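First comes the structure, then the notes that go with it.
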Amino acid sequence: MTCFVQLHFLTVYPPSNPNRDDIGRPKTAMYGGVNRLRISSQSLKRAARISPAMSAALKGSLGQRTRLLGDEILNHLCDKGATDEQARTIALKVAAVFGKIDDKEKEKARIRQLAFISPDERSAAFKIAERALSGESLKEEAKTLGKEILQAADGAVDLAMFGRMLADAPDFNREAAVQVSHAITTHRAEVEDDYYTAVDDLKRATEDMGAGFVGEAGFGSGVYYLYVCVDTGRLVENLSGDLALAGKALGAVTEAFATASPSGKRNSYSHHTRASFVRAEAGSQQPRTLAAAFLKPVSSENLLGESVKRLKETAAAIDNAYGPSVDNSIEMDVNSGSGTLADVKAFVARQLGDA
């Protein structure tokens with residue numbers, strides 16, 4: 001029976017706009033009948049993937065999410081002496097393995113949608129393209145050629161964690177081992193407006209007293225709750241049984257979600273955040289979020305302290321009603337000075353023995 005590792009984070013964001021909507025304002029959600037600020041799971045996963053916590057610990061074991069592999073193959077072949085026509089013909093066939101070619105950008109050998117590509121698959125694609133340039137014939141069908149390139153991404157940790165879908169090659173899809181919620185504020189929060197101006201340094205006071213530029217931007221702040229669930233059995237399976245790599249992945253992803261934040265407007269607001277509270281849980285029981293702790297918005301001068309209290313009370317209440325939801329847990333609380341991130345990472349890594 002698999003072991004589920006569940007991670008709960010409470011993170012304070014100062015006035016900032018890390019994740020914008022289609023008109024550039026902070027994302028929001030209605031929850032518990034009131035407005036909350038929201039950070040999407042997609043932006044949080046990307047922040048985790050490119051964070052130092054993952055890129056350093058898992059160097060060489062991370063994939064790339066891109067439409068542009070065909071571009072790189074095309075340029076690579078041209079550097080090796082191929083004509084533009086030769087390079088484009090080969091690049092289009094190889095790129096088609098990962099998705100349908102974008103007819104609007106066919107001259108660049110780009111596919112229509114982003115595809116997650118493992119390091120081994122990238123290497124295989126380049127080698128096959130080079131062999132084709134030397135005279136070896138390519139399989140005509142993308143599905144047939146794909147069998148030579150697609151390798152189920154067994155060595156790519158981020159693919160193993162967050163999954164992928166290849167519509168034209170479903171045998172090489174990956175079911176995600178890590179589920180990530182949208183982060184929402186534990187309390188009512190509104191988007192505020194920042195009216196700002198910029199001064200033209202070369203403008204003389206004798207011309208006029210106006211600004212060189214006038215703008216408006218939205219921002220918000222608050223305590224955000226984030227929930228992450230890891231199916232350790234699926235993670236190990238997705239990594240072809242590599243327990244050592246799975247252990248590194250668990251520690252890295254835990255640190256990443258505790259320390260990484262989306263980069264939107266970072267230069268304007270410098271929101272370099274760290275989770276103030278982390279609760280890690282492990283057990284074979286059905287996973288459950290603790291978001292219900294904040295259905296009634298927290299209202300207190302100590303938003304963080306009250307949020308921590310609510311989260312703990314809700315976990316205890318669920319256990320009282322359903323029986324124990326987890327076998328073991330550990331907490332790191334910055335304000336009380338209890339626990340460390342190293343303790344949490346060590347606890348998470350030990351759960352692979354039950355995967």
Side-chain angles (χ1 to χ4, degrees), residues 5-19 26-41 43-44 47 179-192 218-229 254-262 269-282 287-322 324-326 328-341 343-344 347-348:
V5 169
Q6 299 179 77
L7 302 168
H8 308 267
F9 302 89
L10 290 171
T11 305
V12 177
Y13 277 77
S16 56
N17 186 358
N19 184 209
K27 291 185 176 179
T28 61
M30 287 295 293
Y31 187 66
V34 303
N35 198 59
R36 316 293 181 104
L37 295 176
R38 174 176 64 91
I39 301 176
S40 73
S41 58
S43 69
L44 288 164
Q179 300 169 342
V180 182
S181 76
H182 290 241
I184 60 170
T185 53
T186 63
H187 49 87
R188 181 196 299 267
E190 301 293 341
V191 177
E192 300 182 65
F219 67 91
S221 64
V223 179
Y224 287 77
Y225 170 66
L226 170 65
Y227 170 66
V228 177
C229 180
T254 300
E255 181 176 350
F257 282 117
T259 59
S261 61
Y269 295 103
S270 193
H271 55 278
H272 295 281
T273 60
R274 295 289 184 272
S276 295
F277 179 85
V278 180
R279 177 186 176 102
E281 305 169 325
R288 51 85 183 101
T289 175
L290 296 176
F294 313 113
L295 187 62
K296 178 182 178 181
V298 172
S299 179
S300 169
E301 290 185 358
N302 182 9
L303 289 174
L304 176 59
E306 183 63 24
S307 297
V308 171
K309 180 183 175 185
R310 288 267 200 96
L311 189 145
K312 292 182 177 182
E313 290 175 347
T314 299
I318 292 175
D319 286 351
N320 183 61
Y322 288 90
S325 299
V326 297
N328 300 290
S329 65
I330 189 174
E331 294 176 350
M332 180 198 80
D333 190 335
V334 172
N335 280 3
S336 69
S338 61
T340 67
L341 183 58
D343 293 336
V344 174
F347 169 85
V348 168

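Everything quoted here is computed from the prediction, not taken from an experiment.
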Rounded to the nearest 0.5 Å, what separation is found between the [atom1] atom of [X] and the [atom2] atom of [Y]?
{"X": "Leu10", "Y": "Leu311", "atom1": "CG", "atom2": "CG", "answer": "5.5 Å"}
{"X": "His182", "Y": "Ser40", "atom1": "NE2", "atom2": "OG", "answer": "6.0 Å"}
{"X": "Tyr224", "Y": "Ile184", "atom1": "OH", "atom2": "CD1", "answer": "10.5 Å"}
{"X": "Thr186", "Y": "Leu304", "atom1": "OG1", "atom2": "CG", "answer": "8.0 Å"}
{"X": "His272", "Y": "Ser16", "atom1": "NE2", "atom2": "OG", "answer": "11.0 Å"}
{"X": "Glu190", "Y": "Ser221", "atom1": "CD", "atom2": "OG", "answer": "11.5 Å"}

Looking at every non-hydrogen atom in both residues, tell me the closest pair between [X] and [Y] and how far apart they are.
{"X": "Ala315", "Y": "Arg288", "result": "CB-NH2, 4.4 Å"}
{"X": "Ala282", "Y": "Val326", "result": "O-CB, 3.6 Å"}
{"X": "Thr273", "Y": "Val12", "result": "CG2-O, 3.6 Å"}
{"X": "Lys296", "Y": "Arg36", "result": "C-NH2, 4.3 Å"}
{"X": "Val344", "Y": "Thr254", "result": "CG1-CG2, 3.9 Å"}
{"X": "Ser307", "Y": "Val298", "result": "OG-CG2, 3.9 Å"}

From CA spacing to verdict: side chain to side chain contact (heavy atoms under 4.5 Å, CB included), Glu306, His187: CA-CA 10 Å; Glu306 183 63 24; His187 49 87; over 6 Å; no

Between Ser329 and Arg279, does the side chain to side chain contact (heavy atoms under 4.5 Å, CB included) criterion hold? Intermediate values first, please. CA-CA 7 Å; Ser329 65; Arg279 177 186 176 102; 4.1 Å; yes

Between [X] and [Y], is there a donor-acceptor pair closer than 3.5 Å when you use the side chain of the first and the backbone of the second?
{"X": "Arg274", "Y": "Thr259", "answer": "yes"}
{"X": "Ser261", "Y": "His271", "answer": "yes"}
{"X": "Asn17", "Y": "Gly218", "answer": "yes"}
{"X": "Gln6", "Y": "Tyr227", "answer": "no"}
{"X": "Asn35", "Y": "Met30", "answer": "no"}
{"X": "Arg310", "Y": "Ala293", "answer": "yes"}
{"X": "Asp319", "Y": "Ser325", "answer": "yes"}

Per the side chain to side chain contact (heavy atoms under 4.5 Å, CB included) rule, which among Pro18, Pro262, Ser181 passes with Leu44?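 Testing each of Pro18, Pro262, Ser181 against Leu44, the sole residue satisfying side chain to side chain contact (heavy atoms under 4.5 Å, CB included) is Pro262.
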
Against Tyr13, only a single residue in Leu37, Ile39, Thr185, Val223 fulfils side chain to side chain contact (heavy atoms under 4.5 Å, CB included); can you say which? Ile39

Trace of the side chain to side chain contact (heavy atoms under 4.5 Å, CB included) decision for Tyr225 with Leu290: CA-CA 9 Å; Tyr225 170 66; Leu290 296 176; 3.5 Å; yes

Could you check whether Phe294 and Tyr31 have their ring centres less than 6.0 Å apart? no

Is there a side-chain contact between [X] and [Y] (heavy atoms, below 4.5 Å)?
{"X": "Glu255", "Y": "Leu341", "result": "yes"}
{"X": "Val180", "Y": "Leu226", "result": "yes"}
{"X": "Asn328", "Y": "Phe347", "result": "yes"}

Quick one, Val348 with Leu7, criterion side chain to side chain contact (heavy atoms under 4.5 Å, CB included). Give me CA distance, side-chain angles, the key distance, then yes/no. CA-CA 9 Å; Val348 168; Leu7 302 168; 4.1 Å; yes

